[in-house]
Amino acid sequence: QVHWVESGGGSVQAGGSLRLSCTSSRLTLANYDMGWFRQVRGKWRDPVSCISSNGVSTHYIDSVKGRFTISRDMVKNTLYLQMDSLQPNDTAMYYCGASNGCGPRSGVRLGGEFGNWGQGTQVTVSS
């Protein structure tokens with residue numbers, strides 16, 4: 001199976017910043033709409049942000065608008081999520097994956113050519 005690989009998580013105090021990265025050695029980022037998702041233990045894995053395959057469109061859930069920025073480096077084949085002004089309720093395991101479009105109803109696309117979930121990267125924000 002082919003997986004996306006996330007990194008960059010850590011523990012910060014409220015108001016701090018982190019930058020998450022996502023890449024794959026076998027999948028080419030430019031071929032996909034891509035998204036970041038997060039999961040709190042015991043809850044669903046929910047979309048956070050996405051970017052279209054051509055980089056023109058982005059979408060954020062309301063709770064992170066103005067604080068998070070999604071971007072990508074096509075040369076490095078890497079997707080980023082810059083997270084500023086972090087809050088305790090941002091604490092979660094963060095995952096990246098291919099997305100079925102980029103908008104408020106977009107979700108993850110998994111399996112086959114779209115790759116599979118990686119192990120995620122933990123973000124912990126203390127008050």
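Numbers here are sequence positions counted from 1.
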Checklist entry - Mind checking whether V123 and Y95 sit in one hydrophobic cluster, side chains of I, L, V, M, F, W, Y counted as touching below 4.5 Å? => result no
Next on the checklist: If you compare all heavy atoms of P88 against all heavy atoms of S127, which two are closest, and at what distance to 0.1 Å?
Outcome noted: CG-CB, 3.9 Å
Checklist entry - Are side-chain heavy atoms of W36 and L79 found at a separation under 4.5 Å? => result yes
Item to check | D33 bridged to R109 by N-O distance under 4.0 Å | outcome: no
Item to check | With W4 via ring-ring contact (aromatic ring centres under 6.0 Å, His included) - residues at least two apart | outcome: Y32
Checklist entry - So which heavy atom on E6 is nearest to which on Q119, and how close? => result OE1-N, 3.6 Å
Checklist entry - Do Y80 and M34 belong to the same hydrophobic cluster, where Ile, Leu, Val, Met, Phe, Trp and Tyr are linked whenever their side-chain heavy atoms lie under 4.5 Å apart, directly or via other members? => result no
Checklist entry - Can you tell me how far the CD1 atom of I51 sits from the SG atom of C102, to the nearest 0.5 Å? => result 7.5 Å
Next on the checklist: Is any side-chain heavy atom of V48 closer than 4.5 Å to one of M83?
Outcome noted: no
Checklist entry - From Q39 CD over to W117 CH2, what is the distance, rounded to the nearest 0.5 angstrom? => result 8.5 Å
Checklist entry - How many angstroms lie between CD1 in I61 and CZ in R38, if you round to the nearest 0.5 Å? => result 4.5 Å
Checklist outcome for this item: Correct closest heavy-atom pair for V40 and A92 would be CG2-CB, 4.0 Å
Next on the checklist: To the closest 0.5 Å, what do you measure between CG (D90) and OG (S85)?
Outcome noted: 9.5 Å
Next on the checklist: In the structure I gave you, are the side-chain heavy atoms of Q122 and T91 within less than 4.5 Å of one another anywhere?
Outcome noted: yes
Item to check | Distance in Å, S52 OG paired with R72 CZ, rounded so as to fall on 0.5 Å steps | outcome: 6.5 Å
Less than 3.5 Å apart, which donor and acceptor atoms pair up between the side chains of residues 18-30 and the rest of the protein, not counting sequence neighbours?
residue: T23; atom: OG1; partner: N77; partner atom: O; Å: 2.7
residue: S24; atom: OG; partner: R26; partner atom: N; Å: 3.1
residue: S24; atom: OG; partner: L27; partner atom: N; Å: 3.0

Checklist entry - Taking all atoms of both residues into account, what is the closest heavy-atom pair of S99 and S106, and its distance? => result OG-CB, 3.6 Å
Checklist entry - Can you hop from F68 to V125 via hydrophobic side chains spaced under 4.5 Å? => result yes
Checklist entry - Hey, does Y60 have a side-chain heavy atom less than 4.5 Å from the side chain of I70? => result yes
Next on the checklist: With rounding to the nearest 0.5 angstrom, report the OG to NE2 distance, S49 to H59.
Outcome noted: 8.0 Å
Item to check | Atom of N116, atom of Q1 and distance for their closest heavy-atom approach | outcome: ND2-CB, 3.7 Å
